[in-house]
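In what follows, chains carry the letters A, B, and so on, assigned in the order in which the sequence lines appear, proteins first and then strands, with residues in each chain numbered from 1.
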Protein chains: 2
Amino acid sequence: MPLRSRTRKQSAATIKDVAELAGVSAMTVSRVLNDKDKVRPETRDRVLASIEALNYTPNLSARGLVKSRSFFIALFYNNPSQGYVSELLLGLLNRCRQAGYHLVIENCGPKESDWEGGIDAMLAASHFDGVILTPPVSDYSSVRAALAEAQLPYVCIAPEKEIGAAPFVETDDFVSAAGMTRHLIELGHQRIGFIKGPPEHGSSAKREAGFRAAMREANLPVSEECVVSGDYSYRSSLEASEALLALTQRPTAIFASNDDMAAAVIATAHRHALSVPDDLSVAGFDDTQIAATIWPHLTTVRQPIEAMAETAMDLLSEAWKADRAPEKAQGIVIPSELVIRDSVAGRKAE
Amino acid sequence: MPLRSRTRKQSAATIKDVAELAGVSAMTVSRVLNDKDKVRPETRDRVLASIEALNYTPNLSARGLVKSRSFFIALFYNNPSQGYVSELLLGLLNRCRQAGYHLVIENCGPKESDWEGGIDAMLAASHFDGVILTPPVSDYSSVRAALAEAQLPYVCIAPEKEIGAAPFVETDDFVSAAGMTRHLIELGHQRIGFIKGPPEHGSSAKREAGFRAAMREANLPVSEECVVSGDYSYRSSLEASEALLALTQRPTAIFASNDDMAAAVIATAHRHALSVPDDLSVAGFDDTQIAATIWPHLTTVRQPIEAMAETAMDLLSEAWKADRAPEKAQGIVIPSELVIRDSVAGRKAE
DNA sequence: CTGTTAGCGCGTTCAA
DNA sequence: TTGAACGCGCTAACAG
């Protein structure tokens, strides 16, 4: 194990120490670090050796000070499902480490209004190099305005629609929801309940539209009593599913807009002594951890959250390279896929 | 909405701008900011006004450079349950914002060995002001050694036992597990299954010990076939609970060491057409999100994760104030509480 | 109570 | 190809 060479009080080695040990000037060390101008290979090697010997790494504060960069990016989130944040973090963290960046998490509070006051000051104080917005913050106009005013590069994850020139990443909610609905229909379900997400999430409307499109495509009527509102929370879906199961013409399948709500449907079904999937098929969306944790395992749509996060970082990198913001928003959609597990079955013959 | 006063290209206001506008020197501004020496109230007010007018906030890089501080602290974690991280984050974030710190999340990889190489370099590179360790990283001796060598203040969350002089926070796993076991016993259960956590988590042994102590206290024998191993994951508990339910003398209640594993017990019970809690009572530990998400809602032990996180931050603050590390480790235990929900019932008469 | 000088560690600009 | 100055924004020391 390499011991720190500086024995006295710890105080990390500086570029000067490295320079001295290598017998060059600090400037030369800086050059090999930043790979800018060419340095004679021999010199370069000597410097590299000294860096290693001293276990040196540049001081971010100092570097940031001269370059006007902080090497930190922020993730703005607001109370999404726990599984969602966790997976997002994984993807982000990967890329961050590769790029030498650090990630700062900022919770925006439950409502947009909670933030309106502080966002400006917060942005000014933090000196982030970039920001990543997760839904529903992606659609907070106050946040986006503040970001734009501060001329801070940012990328939105799953925004409702492209606004301004901010790059964004999303999955194809419409297509995936339609795909799941088709799956249900192919299994013989005709009366399908749907639980909506909250209007402030862009994905809600798209998933609902996908559901309706597939139904229309199959010439199946969508009875409006079968489409109820939720807000992506387990609790909201407890009521919603109760309403659905209380219908005189009970649906044979229920498609919930996310996994948490699907979990609640299953709970309600159990309470009604209904077997899933024998008496009722249940489908979710997102494939967060809970999907394979509850019983029966959820048939759902796997949203590539981690890949989306990685892509978001890549988009940020591009924004830094390009000095100016691009003319039009660059949007990347990463497809989702159907994950068939145990909560959906063919409709029983009647 | 207050518009930024500097109209040209954005480039945040500096302390000099503020000083100029207030008609004082930069030093004075610095003083009102850091509240050190007293500044004449009138002057102070003028400065404050200028700060507000310019929407000024100090540049962390510059400040960090002179104070040799980064204003960032790191959270080292390793694949704990998603609910656990999420709640931890909430508590940490609260305190961080209050204290003007930012939080950096570092994933340590699934195994300690994944880290051994990089930890030194990583620590040197990051210049964190402090680190918070979550289990099982709290017990990684290589990490703790590196931290100690770097003379970086750190606090451990739920370590196996106090090692060295690092402050720590924990909940009373032993007492809580014993309490839950007593609850089961009071409801008439005598044959109780127990699913252990992984040995690398300090909490595992303590929870098991609490269980055994309560059984002994009630003069109830613990049949070793009723104590099976898990690793805090849902999947591990699928096997474990299968083994328990296959016993010729099946337990009437199962106490799983955490909620994820309890969820798997419920799934397995359902698969065996066993009703929870009528045929089998199931208890968990942690009260993470899943506890109130699955059906039936889990009777569990609420571990005050958020409060523990906040306490961890407070401990760090104290470490900063005290120039030297304290002689003996300061440990704080925050009690857990029983949360009675629907997965446990009295034992049916036979 | 307030201003001045100096320097934190690094990258830019210029000259050698 | 390399080095010497200077300054980024801020605060610790010391004046005044």
Side-chain angles (χ1 to χ4, degrees), chain A residues 6 9-48 50-51 54-72 100 124-129 320, chain B residues 6 9-48 50-51 54-72 100 124-129 323:
Chain A
R6 328 184 88 243
K9 294 205 173 189
Q10 128 280 27
S11 64
T14 77
I15 200 172
K16 254 187 165 171
D17 299 321
V18 176
E20 195 172 343
L21 197 153
V24 297
S25 78
M27 199 51 250
T28 304
V29 178
S30 175
R31 270 193 266 264
V32 341
L33 252 23
N34 300 303
D35 231 353
K36 289 229 163 184
D37 309 328
K38 293 191 173 175
V39 179
R40 188 171 4 136
E42 320 165 11
T43 320
R44 181 189 185 76
D45 289 343
R46 277 218 317 286
V47 171
L48 254 20
S50 309
I51 289 180
L54 261 40
N55 198 8
Y56 166 80
T57 44
N59 179 318
L60 278 193
S61 292
R63 182 182 272 183
L65 187 54
V66 343
K67 308 248 291 190
S68 299
R69 295 220 280 165
S70 65
F71 296 97
F72 281 90
S126 305
H127 300 277
F128 298 125
D129 290 343
W320 289 323
Chain B
R6 327 184 89 245
K9 294 206 174 189
Q10 127 283 26
S11 64
T14 76
I15 200 172
K16 257 188 167 173
D17 299 321
V18 175
E20 196 173 342
L21 197 151
V24 297
S25 78
M27 200 54 242
T28 303
V29 177
S30 175
R31 271 192 265 262
V32 341
L33 252 25
N34 299 303
D35 230 354
K36 289 230 165 185
D37 309 328
K38 293 193 173 177
V39 178
R40 190 176 356 142
E42 316 163 25
T43 320
R44 182 189 184 77
D45 289 343
R46 278 218 316 286
V47 171
L48 255 19
S50 309
I51 288 179
L54 263 39
N55 199 7
Y56 165 81
T57 45
N59 178 319
L60 278 192
S61 292
R63 181 182 274 182
L65 187 54
V66 349
K67 308 246 289 192
S68 298
R69 296 220 279 165
S70 66
F71 296 96
F72 281 89
S126 304
H127 300 277
F128 297 125
D129 290 343
D323 210 15

Are [X] and [Y] packed together at the side-chain level, in the sense that at least one heavy-atom pair is separated by less than 4.5 angstrom?
X        : Y        : answer
Ser70(A) : Leu60(B) : no
Leu21(A) : Tyr56(A) : no
Arg63(A) : Asn34(A) : yes

So does [X] get a side-chain nitrogen or oxygen closer than 4.0 Å to the phosphate oxygens (OP1/OP2) of [N]?
X        : N      : result
Arg63(B) : dG9(D) : no
Lys16(A) : dG9(C) : no
Thr43(B) : dC1(C) : no
Asn59(A) : dC8(C) : no

Rounding to the nearest 10°, end axes of the helix from dC1(C)-dG16(D) to dA16(C)-dT1(D) built from five pairs each make an angle of 30°
Within this structure, what is the [atom1]-to-[atom2] distance between [X] and [N], rounded to whole angstrom?
X        : N       : atom1 : atom2 : result
Glu20(A) : dC10(C) : CD    : P     : 14 Å
Asn34(B) : dC10(D) : CG    : C1'   : 9 Å
Glu42(A) : dT2(D)  : CD    : C1'   : 13 Å
Arg46(A) : dT2(D)  : CZ    : C1'   : 12 Å
Leu33(A) : dC10(C) : CG    : C1'   : 10 Å

Sequence neighbours excluded, the answer for side chain to side chain contact (heavy atoms under 4.5 Å, CB included) partners of Ser25(B) is Met27(B), Thr28(B)
Out of dC10(D), dT2(D), dC8(C), minimum distance to the side chain of Thr14(B) belongs to dC10(D)
Among the nucleotides dT2(D), dG9(D), dT2(C), whichever has the atom closest to the side chain of Val39(A) is dT2(D)
Distances for protein N/O vs nucleotides 3-7 of chain D N/O pairs under 3.5 angstrom?
residue, atom, partner, partner atom, Å
dG3(D), OP2, Ser25(A), N, 3.0
dG3(D), OP2, Ser25(A), OG, 3.0
dG3(D), OP2, Thr28(A), OG1, 2.4
dG3(D), N7, Arg31(A), NH2, 2.7

By nearest-nucleotide position on DNA chain C, the 5'-leaning member of Ser68(B) and Pro41(B) is Pro41(B)
Note to self: Categorize Leu65(B) for me: base, sugar-phosphate, or nothing, with a 4.0 angstrom heavy-atom threshold over every strand shown.
What the structure shows: base
